[in-house]
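One structure coming up, written as structure tokens, with questions to follow.
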Amino acid sequence: DSASVQRGTTSLGTTSPYTATSTTVTLGTTVNAAQSFLLFSRRGGSAVNGVEAYYQVNGQLNAAGTQVTFTRAGQAGVINTGVDIYWEVGSPNDGTSVQRGAVTSLTTELQKNVSLSPNIDSNVTIPLLTVSGGPSGYPPGDLDNTSWTGFFSAANNLRLDRHASASTDVAATVAWQAVSFFRAGAVFVQSTGKFASSTAVSSITSSAFATNPVVGNKIIVLAWSWA
């Protein structure tokens with residue numbers, strides 16, 4: 001087989017006393033962390049009410065390839081302020097490699113730079129980001145602080161950015177992965193770089209790409225920062 005996937009569900013703060021800010025899942029089968037990556041989605045309870053600290057979650061696969069930990073910045077100790085998480089760990093065995101880590105911003109920082117070693121080839125590498133942060137309590141209003149974009153500014157650097165107009169009053173933790181697919185003529189990554197929208201709907205046309213993508217066998221990975 002060219003790949004294997006493990007998946008499951010977990011939660012943060014969905015059972016009394018509703019205070020959990022971290023949970024760890026043990027994988028059924030140990031993976032090679034240097035060749036595996038984590039994907040997940042999450043949904044907040046009805047009383048989250050937009051408070052970023054309750055529903056913004058970062059996820060990290062440990063170096064031993066045995067566990068995945070999910071973390072949020074705050075909790076309310078109140079019913080329905082928890083988060084349900086659906087996760088997958090993909091493990092290609094075709095030569096794909098993965099670098100990973102986590103950085104925490106200062107409240108005033110708009111940018112973080114992560115050194116990569118070894119260097120990556122941006123033609124076959126994508127960044128994956130998950131973020132936690134924000135104060136507990138009301139009113140909600142820190143999505144600009146907990147939204148980050150990531151791109152490879154150099155072969156040895158992953159640049160992380162908040163929006164230039166972010167209020168920068170709250171720290172955030174960005175868990176990052178740099179997934180370098182095995183290049184055997186079958187994988188090619190293109191990046192459009194940054195674009196901004198002041199309207200309700202924006203689109204990226206094929207002219208944004210150096211090579212016109214074939215829709216049937218492509219994936220799109222997005223990251224955004226909020227003004």
Side-chain angles (χ1 to χ4, degrees), residues 1-15 19-43 53-75 82-105 112-122 124-134 146 148 150-152 154-160 171-184 187 189 219 221 223:
D1 294 339
S2 60
S4 63
V5 177
Q6 298 181 63
R7 59 173 52 88
T9 62
T10 188
S11 61
L12 279 171
T14 58
T15 57
T19 55
T21 57
S22 181
T23 187
T24 297
V25 175
T26 298
L27 300 179
T29 301
T30 298
V31 300
N32 183 345
Q35 296 179 338
S36 302
F37 57 89
L38 169 68
L39 298 171
F40 69 92
S41 56
R42 81 274 191 263
R43 63 188 183 194
Y54 302 160
Y55 72 87
Q56 292 283 62
V57 176
N58 80 67
Q60 301 180 58
L61 172 66
N62 70 349
T66 57
Q67 295 180 322
V68 176
T69 298
F70 300 97
T71 306
R72 61 179 181 172
Q75 50 80 26
V83 180
D84 295 322
I85 299 167
Y86 288 66
W87 59 267
E88 294 87 20
V89 173
S91 301
N93 58 13
D94 58 358
T96 293
S97 62
V98 181
Q99 298 182 54
R100 62 172 46 81
V103 295
T104 298
S105 70
K112 299 289 286 187
N113 286 284
V114 177
S115 295
L116 303 173
S117 181
N119 289 1
I120 57 93
D121 178 355
S122 60
V124 295
T125 306
I126 59 173
L128 300 175
L129 311 180
T130 58
V131 185
S132 61
T146 58
W148 291 72
F151 74 99
F152 300 114
N156 64 350
N157 192 77
L158 170 62
R159 176 173 157 176
L160 307 172
T173 297
V174 182
W176 59 270
Q177 302 172 94
V179 183
S180 297
F181 296 103
F182 177 64
R183 184 167 189 172
V187 176
V189 174
I219 61 172
V221 177

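Starting from 1, each residue takes its place in the sequence as its number.
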*Got a donor-acceptor contact below 3.5 angstrom from the R7 side chain to the Y86 backbone?*
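It does not hold such a pair.
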*Name all residues meeting the side-chain contact (heavy atoms from CB on, under 4.5 Å) criterion together with T66; count only those two or more places apart in sequence or in a different chain, and write none if there are none.*
T30, N62, A64
*Is it true that a side-chain atom of Q6 and a backbone atom of G28 form a donor plus acceptor pair closer than 3.5 Å?*
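Yes; at least one donor-acceptor contact below 3.5 Å.
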_N119 to L116 - nearest heavy-atom pair and separation_ =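 Nearest heavy atoms, N119 then L116: OD1-O, 4.1 Å.
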*Can you name the closest pair of heavy atoms from A172 and W148 and give their distance?*
CB-NE1, 3.6 Å
*Could you tell me which residues satisfy side-chain hydrogen bond (donor to acceptor under 3.5 Å, both in side chains) with T69, sequence neighbours excluded, listed by chain and number?*
T24
*Kindly compute the distance separating CG (L61) from CG (L27), expressed to the nearest 0.5 Å.*
6.5 Å
_Applying side-chain hydrogen bond (donor to acceptor under 3.5 Å, both in side chains), can you list everything that pairs with S91, at least two apart in sequence or on another chain?_
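side-chain hydrogen bond (donor to acceptor under 3.5 Å, both in side chains) list for S91, sorted by chain: S36.
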*Give a yes or no on whether the backbone of A73 and the side-chain of Q56 come within a donor-acceptor separation of less than 3.5 Å.*
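Answer holds: no.
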*Excluding sequence neighbours, so at least two apart, what forms ring-ring contact (aromatic ring centres under 6.0 Å, His included) with F152?*
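F152: no ring-ring contact (aromatic ring centres under 6.0 Å, His included) contacts found.
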*salt bridge (charged side-chain N to carboxylate O under 4.0 Å, His left out) against R43, all qualifying residues, sequence neighbours excluded*: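 Partners of R43 by the salt bridge (charged side-chain N to carboxylate O under 4.0 Å, His left out) criterion, ordered by chain and then number, come out as D84.
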_Nearest 0.5 angstrom please: F181 CZ to T125 OG1, how far?_
8.5 Å
*Considering residues at least two apart in sequence or located in another chain, which fulfil the side-chain contact (heavy atoms from CB on, under 4.5 Å) criterion with Q75?*
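Partners of Q75 under the side-chain contact (heavy atoms from CB on, under 4.5 Å) test: T19, T21, R72.
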_P127 versus L158, closest heavy-atom pair with distance_ = CB-CD1, 3.9 Å
_S115 OG to N156 CG distance, which is reported to the nearest 0.5 Å_ =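 Rounded to the nearest 0.5 Å, the OG-CG separation comes to 6.5 Å.
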*Nearest-0.5 Å distance, CG of residue L12 to CZ of residue F70*: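 Between L12 CG and F70 CZ, I get 8.5 Å after rounding to 0.5 Å.
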*asked:* I'd like to check the side-chain contact (heavy atoms from CB on, under 4.5 Å) partners of N157; sequence neighbours left out, ordered by chain and number.
replied: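 N157: side-chain contact (heavy atoms from CB on, under 4.5 Å) contacts with N113, S153, A154, R159.
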*With sequence neighbours left out, write down each residue that passes side-chain hydrogen bond (donor to acceptor under 3.5 Å, both in side chains) with T71, or none if nothing qualifies.*
none
*Before giving the answer on side chain to side chain contact (heavy atoms under 4.5 Å, CB included), spell out for I85 and S41 the whole-Å C-alpha distance, their side-chain angles and the decisive distance to 0.1 Å.*
CA-CA 6 Å; I85 299 167; S41 56; over 6 Å; no
*Can you list the residues that meet the side-chain hydrogen bond (donor to acceptor under 3.5 Å, both in side chains) rule with T26, with sequence neighbours excluded?*
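So T26 forms a side-chain hydrogen bond (donor to acceptor under 3.5 Å, both in side chains) with Q67.
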*With sequence neighbours left out, which residue pairs that include part of residues 90-100 fulfil the salt bridge (Lys or Arg N to Asp or Glu O under 4.0 Å) condition?*
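Those involving residues 90-100 do not exist here.
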*Exercise: identify the closest heavy-atom pair between A20 and G13*: CB-N, 3.7 Å
*Keeping the roles fixed (side chain from Q177, backbone from T130), state whether a donor-acceptor pair exists under 3.5 Å.*
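No; zero donor-acceptor contacts below 3.5 Å.
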*If every non-hydrogen atom of R42 is compared with every non-hydrogen atom of Y55, which pair is closest and at what distance?*
NE-O, 3.2 Å
*Taking all non-hydrogen atoms of both residues into account, name the closest pair between I120 and S180 and its distance.*
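Looking at all heavy atoms of both residues, the closest pair is CG2-OG, 3.8 Å.
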*Mind checking side-chain contact (heavy atoms from CB on, under 4.5 Å) for S132 and listing every partner two or more places apart, or none if nothing turns up?*
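Result, side-chain contact (heavy atoms from CB on, under 4.5 Å) vs S132: N58, T173.
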*Kindly indicate whether the side chain of F151, heavy atoms from C-beta on, has any atom under 4.5 Å from the side chain of S122.*
no
*Find out whether V83 and Y54 are in side-chain contact, i.e. whether some heavy atom of one side chain is under 4.5 Å from a heavy atom of the other.*
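Answer no - side chains too far apart.
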